[in-house]
Amino acid sequence: MKHLLGIEDLTKEDIESLIGSAMELKAARSLDGDKPLFGQTWAMIFTKSSTRTRVSFEVGLNELGARPLFLNANDIQIGRGEPIKDTARVLGRMVHGIIIRTFDQEDVEQLANYSGLPTINALTDEEHPCQILADLLTIKERLGGWERKKVVFFGDGDCNMARSWAWASKRLGFELVIAAPEEFQLDADFRDRLGDSPVTITDDAEAAAAGADVLYTDTWISMGKEEEAADRLRVLAPFQINSDIVAKANPGAIVQHCLPAYRGKEITEEILESHADAIFQEAENRLHAQNAVLVALAGA
Ligand code: CP
Ligand code: NVA
C-alpha cells in the first residue's frame with residue numbers, strides 16, 4: 001500500500017491488516033513508544049474545516065516521531081491558483097508524506113502522482129477513507145467484527161461517507177443498506193463502477209432499520225453544499241435517526257456518526273446522547289486507525 005486515496009483502492013487484506021495494526025497500536029499507545037516516523041515531516045493541506053481529522057493526525061504524527069506541517073490552503077499559493085502538480089513537486093523534494101482534505105478526488109490523485117510521496121485522503125467529495133477505518137475499528141471492538149452484520153446508512157446516500165461505506169461493503173462482504181430519498185441515492189455512474197456488491201438502496205427508512213446492527217448517519221449538508229441547505233433539510237427529514245428507528249434495529253445495535261452532528265436534523269439529541277459512548281469511541285478511533293495507516297505507508 002503506497003497511498004490511502006480511497007477505500008475503493010484497498011483489498012480486503014489491506015483493510016483487515018490496517019484494523020489489526022490499529023488495535024495493536026491502540027493497546028500499546030504511549031508517549032515513549034516506537035517512533036517509526038522519526039525525524040519525518042508530513043504536510044497537511046486542508047481546504048475545508050476540520051476538528052477530528054486535524055487533531056488526530058497532528059497528535060498521531062507527533063506520537064509516531066514525525067512533525068506535522070499544517071498548511072491551510074488559503075495561506076499557501078494553492079489559494080492563489082498555483083497548480084496542484086507544481087505544489088506536489090515542491091513538497092516531494094522537502095517533506096516525507098502528504099495528508100490532504102479538499103473537494104476534488106482528482107487533486108488528491110495528482111498530488112500523489114506528482115509528489116511521489118505517500119499521500120492520504122483526509123476527505124474529498126468522493127470518499128472519506130480515514131473515517132471508515134475508524135468506524136470499522138469501532139464495529140470490531142463493539143460487535144466483534146462486521147461479518148454477517150447489517151449496516152444501515154441514513155440520509156445523504158450519495159455523499160463521501162455513503163460512497164466509502166459502499167466500497168467497504170463490497171470489499172469486506174457485509175450487508176449495507178442505504179436509506180435515502182431518490183435524489184440523494186448513489187448516482188448511476190458510481191453504481192456502474194461499484195458493480196456487483198452487497199449494497200441495497202431504499203427510500204423506506206423504517207424498513208431499512210429492521211434487524212440492523214449498525215445505524216449510521218452523517219450531516220445532511222456536507223461541506224460545499226451549504227447553498228442547498230433548505231432543500232436538503234426538507235427532503236432528508238424522514239431519514240433522521242430517532243427512537244422509532246432505533247426501536248426497529250436489533251437489540252444491542254450501535255449508533256454511529258462520523259461527526260460533527262447536527263441535533264434535531266440527522267439525529268435526535270436523545271439518541272446522540274444515549275449512544276455517546278460508542279460515537280465518541282468512534283471519534284477517538286480516528287487516531288488509532290490513522291496511526292496504522294501512517295505506519296503502513298512509512299514502511300512501504
Ligand atoms: N469526521 C470528521 O472528519 O471530522 P472533522 O471534519 O472534524 O475532521
Ligand atoms: N459528509 C461530511 C463529512 C464530514 C466529516 C462532509 O463532507 O462535510
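Hydrogens, waters and symmetry mates are skipped; everything else that's a heavy atom, side chains included, is used. Ligands are counted one by one from 1 in listed order, and the atoms in each one are counted from 1 as well. If you're wondering where the values come from, they're calculated on a predicted model, not measured in any experiment.
Close to ligand 1: H128, with a non-hydrogen atom less than 4.0 angstrom away. Heavy atoms of L259 approach ligand 1 to within less than 4.0 angstrom.
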(request) Check the pair T138 / D135 against side chain to side chain donor-acceptor pair (under 3.5 Å), numbers first and verdict last. (result) CA-CA 5 Å; T138 313; D135 301 339; 5.4 Å; no

(request) Evaluate the side chain to side chain donor-acceptor pair (under 3.5 Å) criterion for residues E127 and S164: first the C-alpha distance (whole Å), next the side-chain angles of each, then the deciding distance (0.1 Å), finally the verdict. (result) CA-CA 5 Å; E127 278 222 39; S164 285; 2.7 Å; yes

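By the salt bridge (Lys or Arg N to Asp or Glu O under 4.0 Å) test, D218 pairs with no residue at all, sequence neighbours left out.
Centroid-to-centroid, the aromatic rings of Y262 and W220 stay 6.0 Å apart or farther.
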Could you give the side-chain donor-acceptor pairs of residues 197-205 under 3.5 Å, partners two or more places apart or in another chain?
residue : atom : partner : partner atom : Å
S197    : OG   : V199    : N            : 3.2
T202    : OG1  : D204    : N            : 2.9
D204    : OD1  : E206    : N            : 3.3
D204    : OD1  : A207    : N            : 3.0

Report all side-chain donor-acceptor pairs from residues 65-82 shorter than 3.5 Å, counting only partners two or more places apart or in another chain.
residue : atom : partner : partner atom : Å
N72     : OD1  : N74     : N            : 2.9
Q77     : OE1  : R80     : NE           : 3.2

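Annotation: atom 7 (O) of ligand 1 to nearest protein heavy atom, T51 N, 2.7 Å. In terms of protein heavy atoms, atom 4 (O) of ligand 1 is closest to R52 NE, 2.8 Å. What sits closest to atom 2 (C) of ligand 1 on the protein, heavy atoms only, is R286 NH1, 3.3 Å. Scanning all protein heavy atoms for the shortest distance to atom 6 (O) of ligand 1 gives R101 NH1, 2.8 Å.
Considering both main-chain and side-chain atoms, C258 comes within under 3.5 Å of ligand 1 through a nitrogen or oxygen pair.
Annotation: cation-pi geometry not satisfied between K150 and F174 (NZ/CZ under 6.0 angstrom from ring centroid, within 45° of ring axis).
Ion pair D125/K48 flagged as a salt bridge, since at least one NZ, NE, NH1 or NH2 atom sits closer than 4.0 Å to an Asp/Glu carboxylate oxygen.
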Please tabulate, one line per pair, the protein N or O atoms found under 3.5 Å from any N or O atom of ligand 2, giving the distance to one decimal.
residue  : atom  : partner : partner atom : Å
ligand 2 : 1 (N) : N160    : OD1          : 2.8
ligand 2 : 1 (N) : D218    : OD2          : 2.6
ligand 2 : 1 (N) : S222    : OG           : 2.7
ligand 2 : 7 (O) : N160    : ND2          : 2.8
ligand 2 : 8 (O) : M223    : N            : 2.8

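Of the N and O atoms on the side chains of R171 and T11, not one donor lies less than 3.5 Å from an acceptor on the other residue.
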